[in-house]
Number of protein chains: 2
Amino acid sequence: MALQLPPLTAIRVFEAAARHASFTKAAEELGMTQAAVSYQIKLLEERVGTPLFLRRPRQVVLTETGRRMAPSVSEAFALLSEAYASARSGSAGTLCISTVLTFASNWLARHIGSFQMRHPGIAVRLDTSSHLVDFSREEVDVGIRSGDGKWPGLAAHLLFRAQYTPMLSPKLADSIGGVKEPADLLKLNILDPGDFWWTRWFALANVPPESLEGRPDTSMGSQAYEAAAAIAGQGVAILTRAFFTNEIAEGRLIQPFDLFGDDGQGYWLVYPESRRNAPNIRAFREWILAEMEQTSAGG
Amino acid sequence: MALQLPPLTAIRVFEAAARHASFTKAAEELGMTQAAVSYQIKLLEERVGTPLFLRRPRQVVLTETGRRMAPSVSEAFALLSEAYASARSGSAGTLCISTVLTFASNWLARHIGSFQMRHPGIAVRLDTSSHLVDFSREEVDVGIRSGDGKWPGLAAHLLFRAQYTPMLSPKLADSIGGVKEPADLLKLNILDPGDFWWTRWFALANVPPESLEGRPDTSMGSQAYEAAAAIAGQGVAILTRAFFTNEIAEGRLIQPFDLFGDDGQGYWLVYPESRRNAPNIRAFREWILAEMEQTSAGG
DNA sequence: TGCGACCCATTAAGAGAGCTTATGCATAAT
DNA sequence: ATTATGCATAAGCTCTCTTAATGGGTCGCA
């Protein structure tokens with residue numbers, strides 16, 4: 001196929017020169033010197049095989065060929081720059097967030113509405129697939145994942161550390177006359193006792209580790225489910241605090257101890273470094289960091 | 001104004017890559033390496049601010065933004081290459097000849113039909129203005145002018161030398177019993193005796209120069225008119241032979257002597273060197289040189 | 001599974017297109 | 001005449017773009 005295309009820079013210069021009927025004016029518009037315009041036009045004329053301008057004393061005028069060529073060229077460039085501009089700005093119109101399920105259900109679901117209020121022009125799409133998103137393979141703008149914040153090529157902002165601590169319903173606490181010290185928890189049903197977080201937390205609390213052994217594993221695989229069970233009074237769950245500030249504030253859960261486990265991980269906002277300034281990404285970043293600030297302050 | 005246009009080379013590459021859904025294929029089409037395509041696409045993606053392709057294992061696929069952009073871009077390029085192609089070939093569609101009146105009326109008028117028969121696709125426009133055409137100021141393809149063949153920047157082909165010699169109608173010659181020697185001409189009416197050509201020619205013929213003095217100046221300013229007068233038997237004209245081979249062949253004029261004046265000038269086909277290979281110019285050049293060959297051989 | 005084929009990304013180095021500066025020339029305006 | 005304007009041209013340089021070589025990832029085949 002290979003349609004022989006004209007030298008594009010020359011064509012662009014021609015378009016401007018034809019519009020202005022002046023090399024000097026075209027040079028101004030294009031931000032180059034008059035000499036460069038002259039050079040490009042000459043080049044194009046050689047390629048076309050016929051003059052495009054007549055050099056008159058203090059002006060240039062299009063030849064027949066030039067006149068025939070100019071309108072199509074202008075139209076083509078209009079099309080091009082429109083497509084380009086719309087791609088540039090249009091890229092702000094959608095935001096695809098790939099997030100771990102935990103974060104989506106425990107935090108994002110309750111807060112994303114605020115983002116959409118502030119940026120009504122941005123359509124949000126959530127992708128809660130569990131695999132680690134590869135930005136070069138999938139059409140995703142930002143990701144939220146847990147880890148240590150070190151991913152090559154990705155910018156990462158810490159949202160909060162994954163600090164875990166036991167939580168239970170006030171009613172359940174009351175059923176044993178209140179939870180005064182960590183060992184009290186052992187009187188209750190432990191949700192997902194196999195979770196390493198329990199082991200670590202009891203260690204921090206100076207409770208012998210063997211106390212968990214032999215308990216039936218009730219792992220539900222998701223904090224959301226364990227939280228629901230805890231709220232229903234079915235046991236004590238060990239949860240990430242930041243996800244449940246709301247439940248605590250509303251009294252549906254209580255956090256008996258100000259003691260946190262911390263495995264050094266955290267939840268991070270990530271996106272390709274190179275896209276740091278994309279409008280939609282910038283908007284989301286600024287919003288979520290502000291939101292975190294506010295939440296942690298309020299909680 | 002100054003719509004920010006995208007980097008055009010990158011856009012061209014994008015267009016091809018989008019069409020093929022492959023960088024490698026696009027590279028082949030554009031005659032460059034795959035690496036260059038990759039580079040240009042990356043460049044464009046940075047400018048646009050969002051990926052245009054998703055890099056999948058053995059293929060690339062357009063992102064939403066890319067899909068939105070591709071059709072307009074393709075259309076724009078189609079427009080562009082059409083305009084360019086039509087300018088390229090369309091430039092062969094017209095041939096504007098600037099020629100001195102003498103040549104137009106005495107030679108071209110009778111022969112141009114043969115050119116149009118051979119190149120029916122080329123519309124011929126004649127411009128017989130008398131001033132020396134400036135190819136950079138006027139929309140003229142080729143010129144025919146007399147001179148010494150030296151014009152800077154112009155290619156020049158000698159059509160014929162301006163050799164002049166007396167001519168008259170056979171009937172007029174008979175009226176004085178035939179023209180046997182140059183001096184016999186003095187018995188007849190000399191058309192435009194003030195023309196320097198007469199002086200030169202009689203000098204070549206060893207006829208005293210004073211013989212022309214005192215004759216009324218009948219200058220008509222154009223060989224065509226003088227030739228018409230000669231054919232009508234009104235006198236002897238001194239004419240450029242090449243223009244009247246036809247009249248001689250048909251017996252309407254006779255050339256009594258094989259003696260030619262020659263002021264070193266000639267008629268030349270000229271055009272800008274740079275346009276030597278323009279299709280219309282090439283066609284005309286080849287035709288007129290062949291025609292000259294044939295005429296001088298036949299005459 | 002392991003190997004080869006295919007496709008894209010990346011890097012460094014080199015070539016060359018195209019820009020700028022400076023100057024010249026022609027014409028129109030003053 | 002003199003000045004101002006607009007384009008052409010030459011030389012030199014910059015920086016974009018290309019090439020070449022290499023690496024990584026996946027699919028297909030045995």
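In what follows, chains carry the letters A, B, and so on, assigned in the order in which the sequence lines appear, proteins first and then strands, with residues in each chain numbered from 1.
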[N], OP1 or OP2 - any side-chain N/O from [X] closer than 4.0 Å?
{"X": "A:S38", "N": "D:dA8", "result": "yes"}
{"X": "A:R56", "N": "C:dT27", "result": "no"}
{"X": "B:R55", "N": "C:dA9", "result": "yes"}
{"X": "B:T33", "N": "D:dT18", "result": "no"}

Side-chain donor-acceptor pair present, A:T24, A:Q34, cut-off under 3.5 Å: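 No - no donor-acceptor pair under 3.5 Å links their side chains.
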
With a non-hydrogen cut-off below 4.0 angstrom, is [X] in contact with a base, only sugar-phosphate, or nothing?
{"X": "A:V37", "value": "nothing"}
{"X": "B:L43", "value": "sugar-phosphate"}
{"X": "A:T24", "value": "sugar-phosphate"}
{"X": "A:Q40", "value": "sugar-phosphate"}

Length of the line joining [X]:[atom1] and [N]:[atom2], which is rounded to integer Å:
{"X": "B:E45", "N": "C:dT10", "atom1": "CD", "atom2": "P", "value": "10 Å"}
{"X": "B:F23", "N": "D:dT18", "atom1": "CZ", "atom2": "P", "value": "14 Å"}
{"X": "A:I41", "N": "C:dC19", "atom1": "CD1", "atom2": "P", "value": "11 Å"}
{"X": "B:Q34", "N": "D:dA21", "atom1": "CD", "atom2": "C1'", "value": "12 Å"}
{"X": "A:L52", "N": "D:dA8", "atom1": "CG", "atom2": "P", "value": "12 Å"}
{"X": "A:L30", "N": "C:dG18", "atom1": "CG", "atom2": "P", "value": "14 Å"}
{"X": "A:Q59", "N": "C:dA29", "atom1": "CD", "atom2": "P", "value": "11 Å"}
{"X": "A:E28", "N": "D:dC7", "atom1": "CD", "atom2": "P", "value": "10 Å"}

Side-chain heavy-atom pair B:E139, B:C96 within 4.5 angstrom cut-off: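 Contact flag for B:E139/B:C96 side chains = no.
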
Comparing B:A35 and B:T9 on DNA chain D - which has the more 5′ nearest nucleotide: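 Nearest-nucleotide comparison on DNA chain D picks B:T9.
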
Which of the following nucleotides, [options], is nearest to the side chain of [X]?
{"X": "B:M32", "options": "D:dC7, D:dT19, C:dT10", "answer": "D:dT19"}
{"X": "A:K42", "options": "D:dC7, D:dT9, C:dC8", "answer": "D:dT9"}
{"X": "A:Y39", "options": "C:dG18, C:dA9, D:dT9", "answer": "C:dG18"}

Parallel, tilted or perpendicular: rings of A:W287 and A:F284 (30°, 60°):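 The rings of A:F284 and A:W287 sit tilted, inter-plane angle from 30° to 60°.
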
A:E15/A:R19 salt bridge by N-O under 4.0 Å criterion: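 A:E15 and A:R19: salt-bridged.
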
Validation row, ring centre A:F243 to ring centre A:F160 under 6.0 Å: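 Centroid separation for A:F243 and A:F160: below 6.0 Å.
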
